[in-house]
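Have a look at the structure below, then the notes.
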Amino acid sequence: MAAGQNSDFLGLRLASTSSEARNANRRRLSLQIRASKSSPRLSGRPLRVAVIGGGPAGGAAAETLAKGGVETVLIERKLDNSKPCGGAIPLCMVGEFDLPLDIIDRKVTKMKMISPSNVAVDIGRTLKPHEYIGMVRREVLDAYLRERAAEAGATVVNGLFLKMDSPPAGSGERYKIYYNEYNSKKSATGEKKEMEVDAVVGADGANSRVAKEIGAGDYEYAIAFQERVKIPEAKMEYYKDRAEMYVGDDVSPDFYGWVFPKCDHVAVGTGTVTHKSDIKRFQAATRLRACDKIAGGKIIRVEAHPIPEHPRPRRVLDRVALVGDAAGYVTKCSGEGIYFAAKSGRMCAEAIVEGSAKGTRMIDEGDLRKYLEKFDKMYWPTYKVLDVLQKVFYRSNSAREAFVEMCADDYVQKMTFDSYLYKRVVPGNPLADLKLAINTIGSLVRSSALRREMAKITA
Amino acid sequence: MASSLSPSLPTIFSTLISKPNHRSQTLQLSFFPKKLPSLFMARSADNGTGGAAASAVVEEKVESMNPPAKIEEVKDTEESLSSNGVAVENAEVLAFKDPRWVGGTWDLTQFSKGGETDWDAVIDAEARRRKWLEDNPEASSTVDPVVFDTSIVPWWAWVKRYHLPEAELLNGRAAMIGFFMAYFVDSLTGVGLVDQMGNFFCKILLLISVGGVMLIRKNEDIEKLKKLIEETTFYDKQWQATWQEDYKSDSKN
């Protein structure tokens, strides 16, 4: 959310640049060894890449690959899959991915943050008339991106990826992937098939099988629980252009509870990493905190899904790359992942297209590492800032009170929305930054003082 | 001798020690219904009035400003006990009430003491409200929003209340360290106190000691700081894992 306040954390910025420098060193090393200049030209056939998974990451990757002259196969298990997901996309995604406006269900211009003591702050006063947060349904967005990939020339297969045989590293031989193809005419169990490909893009989400195949290692994950609630028309009016975030120990010890508007209903949910077994209790608390506004609603669907907390220890191995949730690209604090998934898919595909000289040459690990390098360089600061924000402000109820107090400030709102909507960390006005830092410390001190007073009451 | 005594000793001690301990614990349990679900259940288990009255007494001791508000709350719980409502409705009945809480904020005119606002009382009241909300989360409302902002309490009220005792301690400690450092530097190098002030190295030493006193107030603080540093670099490590691997395989080659 508030990626703009990085200027408060000068020390961190320094740390990240120094680590980047170290990384660059490493990269230079790796590039010397894995230069792909000598990679052999493919004779009589284009490079063939399998994209496993048809979400935003897979869809974006397949489209870019197909446009770049690579023979692309996209394998998706459920073509009408509606993943439980907040469905918020930043404004810049609409432009960058050229999304038509009719797939956006709602344009949220008011974000309400509600603190443990029910102080509510409307974020979004600083928005310009054309700015908004788009709310999409995942089934619509995913289908649209897949359709575009198909139009660009990718083959979309309704199938379930099972496993793959990897050739020895660096040999340049093909991968053999095994999958079940589900064809509507044939039996429902599916038909066992196999295919030989030159590279694999794993975009198959949190429970990625591709990641397992390359031994990418695990990540910590949060569990997100969400109920879709159909509420009376009169109550829906309130959520017409508004989303709500509830913070507090009752709602989630390390994340937030939310009410997001959808096309004709709202999604009420919450998430946690540390207390997964209590998720039902947190959900009940979220419902309670919103109860005036969603009273009389009918729950039409209940969903739960894991959300990665950090990238997997390995994101690229030989000619297999992970993108999106499979790689673990979800921000802390806001839990945003759609945009980063689509971006990582596209970047990975661009790296493949470039490395293969539009599908005419074989690629190697060095080419795929270029995608990692670019992605990390571009978005690492955003991820880090959000991680720091989560650590500082979701720590306790008193910190959350301070967070909400801070969000009432116009400067914070502007910075937050700028960095969220346009995904760039804009350097702010130093004087205003200083003022903000002082105000934030003031808020934190006040609320922790109150916290101490509260502790006295119990004792 | 010793071997025959040793088994009996611990049992004697444990009975001696555990008994009063046990009693105080059970007492505490019945007097302080703590968390949100148990608040309600404990009272019903206590057979209604007894427990509720006891807790009211205890809370009065803590905050003797306004007994009427407290009693009102207790009455509410009793009513809901008899009506035996569902979980969600309980919370609605258990709304926070206080005569000084008007229109989503503290009515400052009711806090005036000798013509001036008694900010200490405001802080007390807000702490109590937050505590109450933590135990009984309330539905957020658009009709009567909370507009109270802690920043209306002037900064000196906070400082006066919380930072004086601690500042005293830190000041004393810093003075002691400063004095002894000056003494040691003088005895080791022969540079006098006045000359030390003009010395760049000594100035740095001074800064370090002041910073150290601020950061490390207790022994546990060292551990805490270590953990904090670890925590802040943890995410970096998670992100760099994929490059680390690259580095390793490179150096092997």
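No experiment lies behind these values; they were computed from the predicted model shown. The chains referred to below are lettered A, B, ... by the order of the sequence lines, with proteins before strands, and numbering in each begins at 1.
Under the 4.5 Å side-chain criterion, counting only non-hydrogen atoms from C-beta, Arg369(A) is in contact with Thr242(B). Side-chain contact between Lys237(B) and His310(A) is absent, with no heavy atoms from C-beta onward closer than 4.5 Å. A heavy-atom distance below 4.5 Å is found between the side chains of Trp158(B) and Leu450(A). For the pair Tyr235(B)/Lys332(A), a side-chain contact is recorded, criterion being any heavy-atom separation below 4.5 Å from C-beta on.
Atoms CZ and NZ, on Arg451(A) and Lys131(B) in that order, are 7.5 Å from each other to the nearest 0.5 Å. Atom CZ of Arg128(B) sits about 15.0 Å away from atom NZ of Lys456(A), to the nearest 0.5 Å. Atom CG of residue Asp124(B) and atom CD of residue Glu453(A) lie 5.0 Å apart, to the nearest 0.5 angstrom.
Minimum interatomic distance between Ala139(B) and Leu288(A) (heavy atoms only, all atoms of both residues): CB-O, 3.3 Å.
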List the steps and the verdict of side chain to side chain contact (heavy atoms under 4.5 Å, CB included) for Ser447(A) and Arg130(B).
-> CA-CA 10 Å; Ser447(A) 54; Arg130(B) 286 195 180 178; 4.1 Å; yes
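When the candidates Val121(A), Val119(A), Asp387(A) are compared by the number of heavy-atom contacts under 4.5 Å with chain B, Asp387(A) comes out ahead. Contact count versus chain B (heavy atoms, under 4.5 Å) is highest, among Ile114(A), Leu372(A), Asp249(A), for Leu372(A). No other option in Ser140(B), Ser151(B), Gly104(B), Ala127(B) has as many heavy-atom pairs under 4.5 Å with chain A as Ser140(B).
Looking at Thr150(B) and Arg446(A), their side chains do bring a donor and an acceptor atom within 3.5 Å of each other.
Proximity to chain B (any heavy atom under 4.5 Å) is restricted, for Glu309(A), to the backbone atoms N, CA, C and O. The contact between Tyr238(A) and chain B is made entirely by side chain atoms (from C-beta outward), counting heavy-atom distances below 4.5 Å.
More than 12 heavy atoms of other residues, nucleotides or ligands sit less than 6.0 Å from atom CZ of Phe375(A).
Using cut-offs of 30° and 60° for the angle between ring planes, the Tyr329(A) and Trp239(B) rings count as parallel.
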